[in-house]
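The structure under discussion appears below in the form of structure tokens.
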Number of protein chains: 2
Amino acid sequence: MDINTGIIENNKTQMRRGVLEYSILLILAAGDEYASSIIQKLKEVNIIVAEGTTYPLLIRLKKLGLLNYRWEESTQGPPRKYYMITDLGREQLAGLDAAWDELAKGIDSIRKGSKA
Amino acid sequence: MDINTGIIENNKTQMRRGVLEYSILLILAAGDEYASSIIQKLKEVNIIVAEGTTYPLLIRLKKLGLLNYRWEESTQGPPRKYYMITDLGREQLAGLDAAWDELAKGIDSIRKGSKA
DNA sequence: TTTGAATACCTTGCAACACAAGGTACTGAA
DNA sequence: TTCAGTACCTTGTGTTGCAAGGTATTCAAA
């Protein structure tokens, strides 16, 4: 692996970090999911996240009252822990939507400046 | 400070973290700046960053060869360390542009999904 | 019936890094 | 000579993403 790839990869990781909670709340706002399916959905939009990141994060969001969960049997293996977003979670999500918009706007205006 | 503000503020911070290196490179691509002026420019677009974050970050980017600097006298106080982006820095910046676009696209498509 | 693959859950330990707080040093004006 | 303003930098702490390792369930094949 050359040095360039390393720097870029590291930064892509950094960028993803910032939006992990946000994107998980977004996914759960659309419907209940279990950890593995959340990871899968994120992968589909090129937001790669490890199991060791996801499980602690879901537990954290649960503790904060933004999520709840229920167990559901599966014929494909062990039972699944389906997470769902709470009312508080939806409130917070609205705030994060705004934060994301603001950040995107900020980056955009710096970008325009750097091309002037 | 209520609990809601806490969660949101924490997340805004998280989001900013991911794009700090990127936005600093963007600013320096538009012209040489010293640390305090970089912080000021970021503040203008609502990306708040502390001194204790910025200085080590600039040093790190210098060590990676993405930046260089020169000293310049000032009549308003101590000399200023003007940072400038290197050729390698511009290369990396192109990669980060792409990474940002990809991330923004990813978030966008999750957002659309969650409104369906 | 036991072995293995697939699925799903979770924890531990390490490393990166943002930031608050505290510190140094230069300039010019009061 | 003292103080405010500007600018540099470091230290210590806390958070947190992730690699690696571990447990448990189901089903199918040997």
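Every chain is numbered from 1 and lettered A, B, ... according to where its sequence line falls, protein lines coming before strand lines.
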Nearest-Å distance for atom pair [atom1]/[atom2], residues [X] and [N]:
X: A/L58; N: C/dT11; atom1: CG; atom2: P; answer: 12 Å
X: A/K63; N: D/dT16; atom1: NZ; atom2: P; answer: 12 Å
X: A/Q40; N: C/dC9; atom1: CD; atom2: P; answer: 13 Å
X: A/Q76; N: C/dA5; atom1: CD; atom2: P; answer: 18 Å
X: A/L57; N: D/dT16; atom1: CG; atom2: P; answer: 9 Å
X: A/R70; N: C/dA8; atom1: CZ; atom2: P; answer: 15 Å
X: B/L42; N: C/dA18; atom1: CG; atom2: P; answer: 13 Å
X: B/L61; N: C/dA18; atom1: CG; atom2: P; answer: 10 Å

With the side chain counted from C-beta on, respond yes when [X] and [Y] share a heavy-atom pair under 4.5 Å apart, and no when they do not.
X: A/V19; Y: A/L96; value: no
X: A/R90; Y: A/T86; value: no
X: B/L28; Y: B/L93; value: no
X: A/L57; Y: A/E21; value: yes
X: A/Y22; Y: A/W100; value: yes
X: A/T53; Y: A/R17; value: no

Quick one: which of [options] gets closest to the side chain of [X]?
X: B/S36; options: D/dG17, C/dC26, D/dC8; result: D/dC8
X: B/Y55; options: D/dT10, C/dC19, C/dC9; result: D/dT10
X: B/T13; options: D/dA24, D/dC18, C/dA18; result: C/dA18
X: A/T75; options: D/dC8, C/dA8, D/dC27; result: D/dC27
X: A/I59; options: C/dT11, D/dT6, D/dG17; result: C/dT11
X: A/L20; options: D/dC8, D/dG17, C/dA8; result: D/dG17
X: A/A50; options: D/dC18, C/dT7, D/dG5; result: D/dC18

### Query
Any donor-acceptor pair under 3.5 Å joining the side chain of A/E51 to the base of D/dC18?
no
### Message
So, under a plain 3.5 Å distance rule, would you say the side chain of A/Q14 forms a donor-acceptor pair with the base of C/dC17?
### Response
no
### Query
When the nearest nucleotide of DNA chain D is assigned to A/R17 and to B/Y83 on a heavy-atom basis, which residue is associated with the more 5' position?
B/Y83
### Of A/V49 and B/P79, the one whose closest DNA chain D nucleotide lies more 5'
B/P79
### N or O in side chain of A/Y34 less than 4.0 angstrom from C/dA8 OP1/OP2
yes
### Query
Which part of the nucleic acid does A/R60 contact within heavy-atom distance under 4.0 Å: base, sugar-phosphate only, or nothing?
sugar-phosphate
